[in-house]
Amino acid sequence: MASYCLLAGRLQQALGHGARKYHISAVLCQRAKVAMSHFETNEYINYEKVEKNIDIVRKRLDRPLTLSEKIVYGHLDDPVKQDIVRGKTYLRLRPDRVAMQDATAQMAMLQFISSGLPRVAVPSTIHCDHLIEAQFGGDKDLKRAKDINHEVYNFLATAAAKYGVGFWKPGSGIIHQGEKNTIVTSYNRNFTGRNDANPETHAFVTSPEIVTALSIAGTLKFDPEKDFLTGADGKKFKLEAPDADELPKSNFDPGQDTYQYPPKDSSTESVNVNPSSQRLQLLEPFDKWDGKDLENMQILIKVKGKCTTDHISAAGPWLKFRGHLDNISNNLLIGAINIENNKVNNVKNALTQEYGPIPDTARYYKVPVKCIITHQNGSQETIVLNHTFNETQLEWFQAGSALNRMKELQK
């Protein structure tokens, strides 16, 4: 993207402001064939396919498309047959590339291994940033993260090499906070608990320039237009207003080289997972559906009020278990409020009549939830449940999981 922006800027300089009338991205990407990145020089976005998809959908809908619609519809798998009803239909999309951070990449790679596929279908990368916590300073925090998360980084590096995924080593991205704090960022992560899973932490969004100024000053009270800083020599000084080229004339500083290229031949590569690890766990295939209805299943919890992903499975200290399905299950719905007693992580076991944590109760049941309602007096009633499964998801269910279905298709 950096190369494209620089080329676009220089093209405009060469052609004058009238170049705004031209579709610069089409000129550059279709004729000059700009690579996706410096690390994937042979991978290109198929703009002709994207443009063809957009034309088909525009004619079908008989109206202009927004930028968001162009991006989404431009990547449809089948723009001719795809149902398109906003808010109702599921879209089958073909992404240009996939980028993962180190927390979610653990389960993503474990699932990919279970799928039976030999190599990723599109350019993919793993970026090690989420498992680094801000505590003592960049260098010390990075060293600490490498020690604590050694087996996870090793797994991600070897899995990436085995399946054709690029790997950005620790020190390639952002870091997260471990305590109550105030966080100021230049990107949209400003809702409660999102950065560190602590509901007491305040989070604000501002410009990169202000973020930099506040970081240097070390206090939110600092006003870079009025306030002074004190240098190492004891003298006071003020920060000058930012004044620089919008884009660097000599491209961007590549920084430290932390990128591991995926090998062209990964047949001899092996993935490292310790069987006794508490951080990583290879997945076992789910049982295939036996074709029978699910009956007399227990209701685990009826959640009161808002139930977001942070209520279902919050991050914070649980990030370290993202690659271990059994251990991360201990984080199931523990932030949700039970409408029965207005308590968090406390539900009644319908079999023992005792109250306890949600994960423990779910493990006790360990059986499918039934669709026939049986009341305490023994009477029963049947209700029709609406579902949001599309045809593909029904195939996943019948096969036992999406991974099982992917493996079936490989045969």
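Just so it is clear, the structure is predicted and the values come from calculations on it, not from any experiment. In this chain, numbering begins with 1 at the start of the sequence shown.
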*asked:* I'd like to know whether E69 forms a salt bridge (charged side-chain N to carboxylate O under 4.0 Å, His left out) with R58, so could you lay out the CA-CA distance, the side-chain angles of the two residues, the decisive distance to 0.1 Å, and finally the verdict.
replied: CA-CA 10 Å; E69 288 176 324; R58 185 188 291 114; over 6 Å; no
_Please tell me whether N330 and R363 have a donor and an acceptor in their side chains that are separated by less than 3.5 angstrom._
yes
*Using the side chain to side chain donor-acceptor pair (under 3.5 Å) rule, take D326 and S329 through it: C-alpha gap first, then chi angles, then the decisive distance, then the call.*
CA-CA 5 Å; D326 195 53; S329 296; 5.3 Å; no
_For D147, is there an ion pair with R144 - N to carboxylate O distance below 4.0 angstrom?_
no
*Can you check whether A350's main-chain N or O pairs, donor with acceptor, with Q353's side chain at less than 3.5 Å?*
yes
*If we ignore angles and hydrogens, is there a donor and acceptor under 3.5 Å between the side chains of H311 and T309?*
no
*Please answer whether the main-chain N or O of N272 pairs with a side-chain N or O of T158 as donor and acceptor at a distance below 3.5 Å.*
yes
*Would you say Q298's side chain and L300's backbone share a donor-acceptor pair under 3.5 angstrom?*
no
*Look at the side chain of S114 and the backbone N and O of L110, then say whether any donor-acceptor pair between them is shorter than 3.5 Å.*
yes
*asked:* How long is the straight-line distance from CD1 of I132 back to CG of D102, given to the nearest 0.5 Å?
replied: 7.0 Å
*Between the main-chain N or O of K162 and the side-chain N or O of S266, is there a donor-acceptor pair closer than 3.5 Å?*
yes
*Should the pair R405-E395 be classified as a salt bridge under the 4.0 Å nitrogen-to-oxygen rule?*
yes
*Run the salt-bridge test on D139 and K143 with the 4.0 Å N-O cut-off and return the result as yes or no.*
no
*asked:* Quick check against the 3.5 Å criterion: does D227 have a side-chain atom that pairs as donor or acceptor with the backbone of D223?
replied: yes
*With side chains defined as the heavy atoms from C-beta onward, is the minimum distance between P263 and T268 less than 4.5 Å?*
no
*At their closest point, which heavy atom of L214 faces which heavy atom of T219, and how far apart are they?*
CD2-O, 3.4 Å
*Do other residues, nucleotides or ligands put more than 12 heavy atoms under 6.0 Å from the CG atom of D233?*
yes
*Is the shortest distance from a Lys or Arg side-chain nitrogen in K288 or E408 to a carboxylate oxygen in the other one below 4.0 Å?*
yes
*Would you say the side-chain atoms of N342 and K304 include a donor-acceptor pair closer than 3.5 Å?*
yes
*Indicate whether the side chain of D96 and that of H75 have a donor and an acceptor atom separated by less than 3.5 Å.*
yes
_Flag, side chain of Q82 to backbone of L76, donor-acceptor distance under 3.5 Å_ = no
*For R94, does its backbone N or O pair with a side-chain atom of D77 as donor and acceptor, under 3.5 Å?*
no
*Looking just at side-chain N and O atoms, do N331 and S313 make a donor-acceptor pair shorter than 3.5 Å?*
yes
_Whether K238 side chain and E225 backbone form a donor-acceptor pair below 3.5 Å_ = yes
*Just checking, any donor-acceptor pair under 3.5 angstrom between side chains of R279 and N274?*
no
_Using a strict threshold of under 4.0 Å (side-chain N to carboxylate O), is an ion pair present between K320 and E151?_
no
_Looking only at side-chain N and O atoms, does T392 offer a donor or acceptor that is under 3.5 Å from a partner on R92?_
yes
*Report the relative orientation of the aromatic rings in Y261 and F39; use parallel for angles under 30°, tilted for 30 to 60°, perpendicular for over 60°.*
tilted
*How far apart are the C-alpha atoms of Q106 and L280, what are their side-chain angles, what is the distance that settles it, and do they pass the side-chain contact (heavy atoms from CB on, under 4.5 Å) test?*
CA-CA 8 Å; Q106 296 171 58; L280 299 165; 3.8 Å; yes
*Backbone N or O of T352 within a donor-acceptor pair of the N349 side chain at under 3.5 Å?*
yes
*Hey, do the aromatic rings of Y163 and F112 have their centres closer than 6.0 Å?*
yes
*asked:* Using ring centroids (six-membered ring only for Trp), state whether Y153 and F155 fall under 6.0 Å.
replied: no
_Could you measure the distance from the CG atom of N346 to the CD1 atom of I337? Nearest 0.5 Å is fine._
12.0 Å
*Is any NZ, NE, NH1 or NH2 atom of the basic residue among R97 and E40 found under 4.0 Å from an Asp or Glu carboxylate oxygen of the other?*
yes
